[in-house]
Amino acid sequence: MFLPVMLMGADPAPESQAMVFEKARAAVIRGAVASIEKSIVTIETIGGAQPLAEQAGTPPPGRGGRGRPPGRGRPSGPVEEGFKLADGPTTGVIVSADGLILTSSVNFARNPALITVVLADGSRKSARLLGVDYIRRIALVKIDASDLPACEWAEPGEVEVGQFAIACGRGLGGEHPAASLGIISALGRRNGSAVQTDAKTSPVNYGGPLIDIDGRVVGIVVPMAGEGGALAGAEWYDSGIGFAVIKPRIDRVMPQLAAGESFWPGRMGVQLAIPEASLTARLDELFPWATKGVKIESVVPGSPAEKAGLEADDVIVALSGMPIADRMELQRRLSDMAAGEKITVRVRRTFRTVDVDLTLATAAEIGRLMREADEAPAGDEATTQSSSD
């Protein structure tokens with residue numbers, strides 16, 4: 001057996017190309033994180049409880065109707081999420097020198113009684129929650145301070161699929177932010193609100209920045225899912241499927257958030273019929289025009305849909321000018337619309353097309369109307385639904 005021997009004074013073996021690359025990559029990551037770390041803060045919350053069903057936007061189970069026992073299947077208590085977010089510090093990003101900090105709405109799902117922010121220098125300040133966008137999962141908090149190091153944003157047009165991206169967070173504490181390297185996997189996700197990344201995202205860095213190799217913020221890391229409650233999407237943590245809300249979408253709501261307004265997902269108040277797959281396929285062959293759209297099974301009494309004149313058996317074919325081919329597309333379009341927003345719904349009714357205007361309501365308002373319908377006497381004309389559309 002022969003063993004390699006390093007002679008005294010001999011030059012060390014040259015580094016492999018892989019080793020050189022790894023060292024260079026690590027240096028780039030450290031440099032990128034160092035350029036923004038003073039803008040990354042820790043957010044601590046104290047108190048609060050699990051969100052209520054109507055607050056979370058989770059459709060309560062069960063269906064109402066005549067003869068149904070009052071309130072049955074309509075829980076209004078704490079939501080039993082499929083994934084429970086542990087209590088603990090999370091992350092935020094300073095976006096203005098006077099103390100505005102962006103983070104994720106998931107950090108406030110429990111409606112905490114006290115919020116504190118720990119700056120990069122270790123100083124701790126009391127914070128107040130100004131506004132929350134429950135659609136794009138971002139929130140804006142404020143601390144009383146000045147001359148803070150605000151982050152620098154990447155130009156949206158310069159972000160490309162395949163480029164390196166680094167998810168940063170201070171939820172674990174420590175002198176420096178935690179960092180996870182990945183790439184930009186996709187652009188224009190969630191109706192154009194976010195980019196997708198395979199960098200590891202989790203409660204540790206929710207609310208933190210996804211940065212490029214120059215330390216500029218590409219987006220704010222948030223959990224995202226098409227449907228569900230206040231924590232929907234968090235169950236994908238560290239899965240390689242992560243999202244970050246981009247600046248153009250944040251800019252649309254920043255003035256309202258700073259003014260104390262919040263955005264809740266909008267609901268029409270209808271139950272959507274589930275078509276039979278085999279029948280739909282056959283009809284699509286014979287009458288392709290007739291299978292496009294989504295049939296309404298029932299309408300919640302007193303809801304925006306009922307007030308606008310929508311009826312059971314109407315088929316939704318367009319939403320504010322955007323064609324609707326199927327249930328999934330309708331839910332995707334609605335997922336980006338806020339309560340209070342006015343929309344135009346085009347439906348096919350028998351052999352004619354009808355346009356109706358309505359103002360979307362919150363899930364809480366729809367939930368209240370459903371409970372009232374459930375509790376109505378059996379003889380009342382009350383038809384309810386379990387969907388949050």
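Any value given below was found using the heavy atoms of this structure, including those in side chains, with hydrogens, waters and symmetry copies removed.
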Test of understanding: with salt bridge (charged side-chain N to carboxylate O under 4.0 Å, His left out), list the residues that count as partners of [X], not counting sequence neighbours.
{"X": "K23", "answer": "E15"}
{"X": "D198", "answer": "none"}
{"X": "R216", "answer": "E158, D212"}
{"X": "R30", "answer": "none"}

Between [Y] and [X], is there a side-chain heavy-atom distance shorter than 4.5 Å?
{"X": "L129", "Y": "V141", "answer": "yes"}
{"X": "V294", "Y": "Q331", "answer": "no"}
{"X": "V161", "Y": "L187", "answer": "yes"}
{"X": "D251", "Y": "W153", "answer": "no"}
{"X": "F108", "Y": "I115", "answer": "yes"}
{"X": "I220", "Y": "T103", "answer": "no"}
{"X": "P304", "Y": "M268", "answer": "no"}

Atom pair [atom1]/[atom2] of [X] and [Y] - distance to nearest 0.5 Å:
{"X": "F243", "Y": "R189", "atom1": "CZ", "atom2": "CZ", "result": "4.5 Å"}
{"X": "M337", "Y": "I343", "atom1": "CE", "atom2": "CD1", "result": "5.5 Å"}
{"X": "E261", "Y": "L140", "atom1": "CD", "atom2": "CG", "result": "12.5 Å"}
{"X": "I40", "Y": "I211", "atom1": "CD1", "atom2": "CD1", "result": "6.5 Å"}
{"X": "L334", "Y": "I324", "atom1": "CG", "atom2": "CD1", "result": "7.5 Å"}

Applying a strict under-4.5 Å side-chain criterion to I, L, V, M, F, W and Y, I'd like to know whether [X] and [Y] cluster together.
{"X": "M322", "Y": "L310", "result": "yes"}
{"X": "V33", "Y": "I183", "result": "yes"}
{"X": "I43", "Y": "V118", "result": "no"}

Shortest non-hydrogen contact between [X] and [Y], atoms and distance:
{"X": "T91", "Y": "G169", "answer": "OG1-CA, 3.3 Å"}
{"X": "L119", "Y": "V41", "answer": "CD2-CG1, 3.7 Å"}
{"X": "L358", "Y": "A305", "answer": "CD2-CA, 4.2 Å"}
{"X": "A120", "Y": "K38", "answer": "CB-CA, 3.8 Å"}
{"X": "I366", "Y": "G269", "answer": "CD1-CA, 3.8 Å"}
{"X": "V317", "Y": "K292", "answer": "CG1-O, 3.9 Å"}

Item to check | side chain to side chain contact (heavy atoms under 4.5 Å, CB included) involving P248 - partner list, sequence neighbours excluded | outcome: P156, I246
Can you sort out the partners of [X] under side chain to side chain donor-acceptor pair (under 3.5 Å), two or more places apart, ordered by chain and number?
{"X": "E329", "value": "none"}
{"X": "E306", "value": "none"}
{"X": "S193", "value": "R249"}
{"X": "T42", "value": "none"}

Item to check | Pair listing, side-chain hydrogen bond (donor to acceptor under 3.5 Å, both in side chains) test, anchored in residues 351-360, at least two apart | outcome: T344-D357, R346-D355
Checklist entry - Do R25 and E22 meet the salt-bridge criterion of a basic N to acidic O distance under 4.0 Å? => result yes
Checklist entry - How would you list all residue pairs meeting salt bridge (charged side-chain N to carboxylate O under 4.0 Å, His left out) that involve residues 115-127, not counting sequence neighbours? => result E44-R124
Give the table of side-chain donor-acceptor pairs shorter than 3.5 Å for residues 142-152, with sequence neighbours excluded, one pair per line with atom names and distance.
residue: K142; atom: NZ; partner: D98; partner atom: O; Å: 2.7

